[in-house]
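Residue numbers start from 1 in every chain, and the chains themselves are labelled A, B, ... in the order their sequence lines are given, proteins ahead of strands. On a predicted model such as this, the values are computed, not experimentally measured, just so you know.
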4 protein chains.
Amino acid sequence: MPRTPQENERIRQLAKESILKAAMELFIKQGYHATSISDIAEQAGISKGLLYNYFKGKEELLATMVDARVGEMVEVMNQAKTIETPVEQLKHIIEGAIDNVYKKPEVFRFYLHLQTQPEADHELIKYSRFLIEENARQFEFQCEIFEKLGAKEARKRSLYFSSTLQGIMLMICTYPQQFPIQEIKKQIFDEFCNSLSF
Amino acid sequence: MPRTPQENERIRQLAKESILKAAMELFIKQGYHATSISDIAEQAGISKGLLYNYFKGKEELLATMVDARVGEMVEVMNQAKTIETPVEQLKHIIEGAIDNVYKKPEVFRFYLHLQTQPEADHELIKYSRFLIEENARQFEFQCEIFEKLGAKEARKRSLYFSSTLQGIMLMICTYPQQFPIQEIKKQIFDEFCNSLSF
Amino acid sequence: MPRTPQENERIRQLAKESILKAAMELFIKQGYHATSISDIAEQAGISKGLLYNYFKGKEELLATMVDARVGEMVEVMNQAKTIETPVEQLKHIIEGAIDNVYKKPEVFRFYLHLQTQPEADHELIKYSRFLIEENARQFEFQCEIFEKLGAKEARKRSLYFSSTLQGIMLMICTYPQQFPIQEIKKQIFDEFCNSLSF
Amino acid sequence: MPRTPQENERIRQLAKESILKAAMELFIKQGYHATSISDIAEQAGISKGLLYNYFKGKEELLATMVDARVGEMVEVMNQAKTIETPVEQLKHIIEGAIDNVYKKPEVFRFYLHLQTQPEADHELIKYSRFLIEENARQFEFQCEIFEKLGAKEARKRSLYFSSTLQGIMLMICTYPQQFPIQEIKKQIFDEFCNSLSF
DNA sequence: AATGAATGAGGTTTCATTCAT
DNA sequence: AATGAATGAAACCTCATTCAT
């Protein structure tokens, strides 16, 4: 007697997830190039053949990861949009970004690594571009916040803000042990979330 | 008439440089993994065999690049040390860093990419570490500057400054076309080089 | 109320036929190697597993096809044997062969392709041999016809006839659009079915 | 000291030829699909890697073979064109074709096998088409001969002739041991090279 | 100092077949 | 009778590196 289609679908979903989880772990730990399909299959506890049953190849695994990542980023932004005052929005963004990186610095590091892919690497540049585009969308949203805050040159101020926040995230993922996040949060709050600064 | 040993050495140096130049161009344009030894030899106009006469392999080319990069960074720092006032030192660091990235964003992008290598990529992590250590050394120097400036919590202030500067550099190399560097320089100057800020 | 054994067997036969039909369509269209078991199962609208319930594997499908083909060939020959005069027999053979190829050139082409399999392809050579043997049997029958026709060297004349007929069939399946079968039939009739020719 | 470019070119040519020879032997003996790159490399006495240094892959080996084959066919036709009388031309074509197949039936069989590839086998159909086109060109030339011979319906007569000759070749490569080529040559000569036949 | 032919380890991918359900 | 998830062997291909010349 065959399994029901629902049961099969459930198995497929579980398998896809477990493969993707294995791939994410290894990509993040060792990097994309240093991870082979064999590694992933082994980590997921399945055969290489089965992996190809679920994903076209290594690149599709990365694509799926990046899609999920962008999905999370969008979700965080949408959450922020529901907040009432612009100051609170900004605080939420800052807290969210910093805590997120602080909790899993190697994850942020992985995507930053991907984002800084050279332009002429034809295999991977699309994922880099995709992440950069999403960052740009987030930047537009932050511009709106600065406008609401009444900043004189909202766009430039927002750019400076984004640079600072990105820089903090870069520093955290580079020196994860030693980063005093509370102190740094205080400084960025003081600079950008205090009405006196405009 | 055979060449003198000195002459021979000079020729060797020239050859090494031309190979290294070829490797740098390709690594920066396409990335380390997407560049093959054949590509490099072709770009340098020599045979694969000769390349191995000068460098142990692809990795040594990268090592040499990174060494040179760190050398440049040290030099810039030493230059800054000769400047008299701390404010001028800071301005010099900022100007130098931003102009440098702005002129060749893809170069900074390449080293940032290398720096964000996952920890468990045994082949490349040493180069990442080397760059990070040099960054840390630069950070120490900047701490001293902030101390001289009389900042209350010089270390934390310096960390925040570094984050901001690194963030700006990251943004420039990510959006090289659209970055208003003058405006951003003004903002970072205003914040960190103005005595009122402490 | 369970099915009777006969009923079950009938259902099995129908299923086998529908699978075989799917396999034949795909083999003939794309060739044996370019057709996967998955393709066949999909085309037949069943699962891969069920296919293995009916056939041992891809090769058995081919074996069954070839058996059926040989069966048809035998039947055609038997039909011809019921005809009274040798001239009519020959005409019937010619008409049958040419019309058959003309109607489905890709089918004849497929079996000719199989027949020309290299001798050392262990997987497929048996089917090639089987088809060739049946051709040989047909040849023997044609020899008899030529003997009855009173040909001086019946065997050689028959061999020449077979060559001509096979050649026509090869040409038709190679240039299916442009082949003037009526004209060609006339020529082969004139040459072999006219008593003056001996 | 490096080899001279000429010496290298010679080595390359020899290597290419020996690889191609190995591939041809195996393709003809076992068929294209039953022959792996490893088989070919082993037969040629080289590593797999080196094979890829000379040929893009298995398909390029086939392409090179087919090119060479078509080249030979063209050459034979050109030779025939230098002959004075049409009857002699026709005799030359017949003799050449039959002797050729008789000497190496498995070679003709291989190309006939390729020619009968199903239309939808995307990997191999181009080679089939290429051979068929060349056959068509030969057919055009034969038409001219029949015109010169004063055949009433030269094109149809030529088509019938081609069919007969192709059929003989097919029979020879199918029953290589038992084919009485002299007798068959006599029959085809009698039919097509004798002025009384028109 | 210089070449590029040659190697082989290591990766990716396909697919006929099995088997738990 | 029926499914399709799962396997694994065997194919393809790439490229850093070596070495005879």
message: Between A:Arg109 and A:Glu106 (salt bridge meaning N to carboxylate O under 4.0 Å), is one present in this structure?
response: no
message: Tell me if a side-chain donor or acceptor on B:Asp67 pairs with a main-chain N or O of B:Thr64 at a distance below 3.5 Å.
response: no
query: Any side-chain donor-acceptor pair under 3.5 Å between A:Gln117 and A:Tyr32?
result: no
Kindly list each side-chain donor-acceptor pair under 3.5 angstrom involving residues 40-52 of chain A, sequence neighbours excluded, with atom names and distances?
| residue | atom | partner | partner atom | Å |
| --- | --- | --- | --- | --- |
| A:Gln43 | NE2 | A:Glu25 | OE1 | 2.6 |
| A:Ser47 | OG | A:Leu50 | N | 3.2 |

- request: Specify the separation, in whole Å, of atom CD of A:Gln6 and atom C1' of E:dT21.
  value: 15 Å
- prompt: Between atom CG of C:Leu114 and atom CZ of C:Phe130, what is the distance when rounded to the nearest 0.5 Å?
  reply: 11.5 Å
message: Could you check whether any side-chain N or O of C:Asp39 sits under 3.5 Å from a backbone N or O of C:Ser36, counting only pairs where one atom can act as donor and the other as acceptor?
response: yes
query: E:dT13 P sits how many Å from A:Ile40 CD1, rounded?
result: 10 Å
field: Close side-chain approach of C:Leu124 and C:Ser128, heavy atoms under 4.5 Å
entry: no
Non-neighbouring partners of C:Lys126 that pass salt bridge (charged side-chain N to carboxylate O under 4.0 Å, His left out), sequence neighbours left out: C:Glu59
field: Whole-Å gap separating P (E:dA1) and NZ (B:Lys16)
entry: 12 Å
query: Tell me: CZ of D:Arg10 to C1' of F:dT21, nearest whole Å?
result: 13 Å
Sequence-distant partners of B:Glu9, side chain to side chain contact (heavy atoms under 4.5 Å, CB included), two or more places apart: B:Arg12, B:Gln13
- request: Sort out for me which residue in B:Lys29, B:Lys58, B:Gln30 forms a side chain to side chain donor-acceptor pair (under 3.5 Å) with B:Thr35.
  value: B:Gln30
- prompt: Pairs counted as Watson-Crick or G-U wobble with both distances under 3.5 Å: what dot-bracket string results for DNA chain F, using | for bases tied to another strand?
  reply: .||||||||||||||||||||
task: Specify the residue among D:Lys58 and D:Glu7 whose closest nucleotide of DNA chain F lies further upstream toward the 5′ end.
output: D:Lys58
Strand-adjacent residues in residues 29-38 of chain B, judged by heavy atoms under 4.0 Å from DNA chain E: none
- request: In whole angstrom, give the distance that lies between atom CG of C:Leu61 and atom P of E:dA16.
  value: 11 Å
- prompt: Does OP1 or OP2 of E:dT14 have a side-chain N or O of A:Tyr52 closer than 4.0 Å?
  reply: no
message: Rounded to whole Å, please give me the gap between CZ in C:Phe55 and C1' in E:dA16.
response: 16 Å
task: With the side chain counted from C-beta on, respond yes when A:Glu7 and A:Ile11 share a heavy-atom pair under 4.5 Å apart, and no when they do not.
output: yes
- line: The contact string for nucleotides 5-10 of chain F, one letter per nucleotide 5' to 3', using protein heavy atoms under 4.0 Å with B, S and - for base, sugar-phosphate only and none, comes out as SBBB--
